[in-house]
Amino acid sequence: MDKDAAERRVVVGVDGSQSSYEALRWAVRYAGLVGGTVDAIAVWELPGLYGWSAPAVDMDVDEDETRQKMSRELTDVLGADTAGSVRTHVVHGNPADVLLRAAEGAEVLVVGSRGRGGFARALLGSVSQHVSQHASCPVVIVRSEKE
């Protein structure tokens with residue numbers, strides 16, 4: 001992920017949740033207002049990967065699936081023309097850590113209030129809460145209207 005200092009980058013986390021789609025829309029609108037670019041980050045992580053045994057799956061297949069799913073989601077949420085202007089990154093790792101690294105030098109980091117998992121009644125998900133406390137740039141947390 002290029003981090004050109006002259007560029008006004010808007011970093012947005014996309015995880016397939018409704019609030020991440022709202023965050024993506026917000027990020028694109030904001031980037032349009034400030035003349036910036038959008039880096040959409042999808043993070044994939046295998047549960048239990050860091051245990052004693054080796055993973056029982058092909059990690060390249062999981063990354064390819066995540067990349068294809070992200071491409072479809074961006075087109076569905078933004079339309080083909082707008083989706084084409086968004087730079088996409090699929091990264092393996094812990095979602096909060098990956099987003100914090102990606103947001104270094106960014107104008108703003110945008111995340112949904114809650115991802116696909118967790119507790120439905122929680123105000124913030126663990127990732128949005130973590131990045132709001134540790135990011136080196138401003139953080140915008142977007143709620144879905146359905147929450």
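What's counted below: heavy atoms across the whole structure, side chains too, no hydrogens, waters or symmetry copies. What you see is a predicted model; the values in this text were computed from it and never measured.
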### Query
Atom CZ of R101 and atom CG of D97: how far apart are they, to the nearest 0.5 Å?
6.5 Å
### Message
Within the structure provided, determine whether L99 and V127 are in side-chain contact (heavy-atom separation under 4.5 Å).
### Response
yes
### Query
If every non-hydrogen atom of A135 is compared with every non-hydrogen atom of L109, which pair is closest and at what distance?
CB-CD2, 4.4 Å
### Task
Apply the side chain to side chain contact (heavy atoms under 4.5 Å, CB included) test between R9 and each candidate in E107, E104, R87; give the one that qualifies.
R87
What donor-acceptor contacts under 3.5 angstrom involve side-chain atoms of residues 75-84, with partners at least two apart or in another chain?
unit_1	atom_1	unit_2	atom_2	d
T75	OG1	S71	O	3.1

### Task
Check whether any side-chain heavy atom of V14 sits under 4.5 Å from a side-chain heavy atom of E73, and report yes or no.
yes
### Inter-residue atom distance R67.CZ - R72.CZ, 0.5 Å rounding
13.0 Å
### Task
Just jot down the ring pair (Phe, Tyr, Trp, His ring centres under 6.0 Å) partners of Y30, sequence neighbours excluded, or say none.
W26
### Message
Counting C-beta onward and ignoring hydrogens, is there a side-chain heavy-atom pair between V28 and V86 closer than 4.5 Å?
### Response
yes
### Task
If a pair satisfies salt bridge (charged side-chain N to carboxylate O under 4.0 Å, His left out) and one of its residues is in residues 16-29, list it, with sequence neighbours excluded.
E22-R25
### Sub-4.5 Å side-chain heavy-atom contact between V111 and S128
yes
### Message
With rounding to the nearest 0.5 angstrom, report the CG to NE2 distance, L100 to H130.
### Response
5.0 Å
### Query
Do any pairs count as a salt bridge (charged side-chain N to carboxylate O under 4.0 Å, His left out) and have a residue in residues 125-136, sequence neighbours left out, and if so which ones?
none
#### Entry: Minimum heavy-atom distance S17-S20, with the two atoms named
O-OG, 2.9 Å
### Task
Specify the closest pair of heavy atoms between A23 and G112, including all atoms of both residues, with the distance to one decimal.
CB-N, 3.7 Å
#### Entry: Passing option when V12 is tested against I41, V110, V140, V142 for side chain to side chain contact (heavy atoms under 4.5 Å, CB included)
V110
#### Entry: Heavy-atom pair of closest approach, residues Q18 and S144
CG-OG, 3.1 Å
### Query
What distance do L24 atom CG and D15 atom CG have between them, rounded to the nearest 0.5 Å?
11.0 Å
### N-O pairing of K69 and E65 below 4.0 Å
no
#### Entry: Exercise: do R8 and T37 side chains pair donor with acceptor under 3.5 Å
no
### Summary
The complete set of side chain to side chain donor-acceptor pair (under 3.5 Å) pairs with one or both residues in residues 131-140, sequence neighbours excluded, reads none
### Task
Apply side-chain contact (heavy atoms from CB on, under 4.5 Å) to A31 and list each qualifying residue two or more places apart in sequence or on a separate chain.
V10, V38
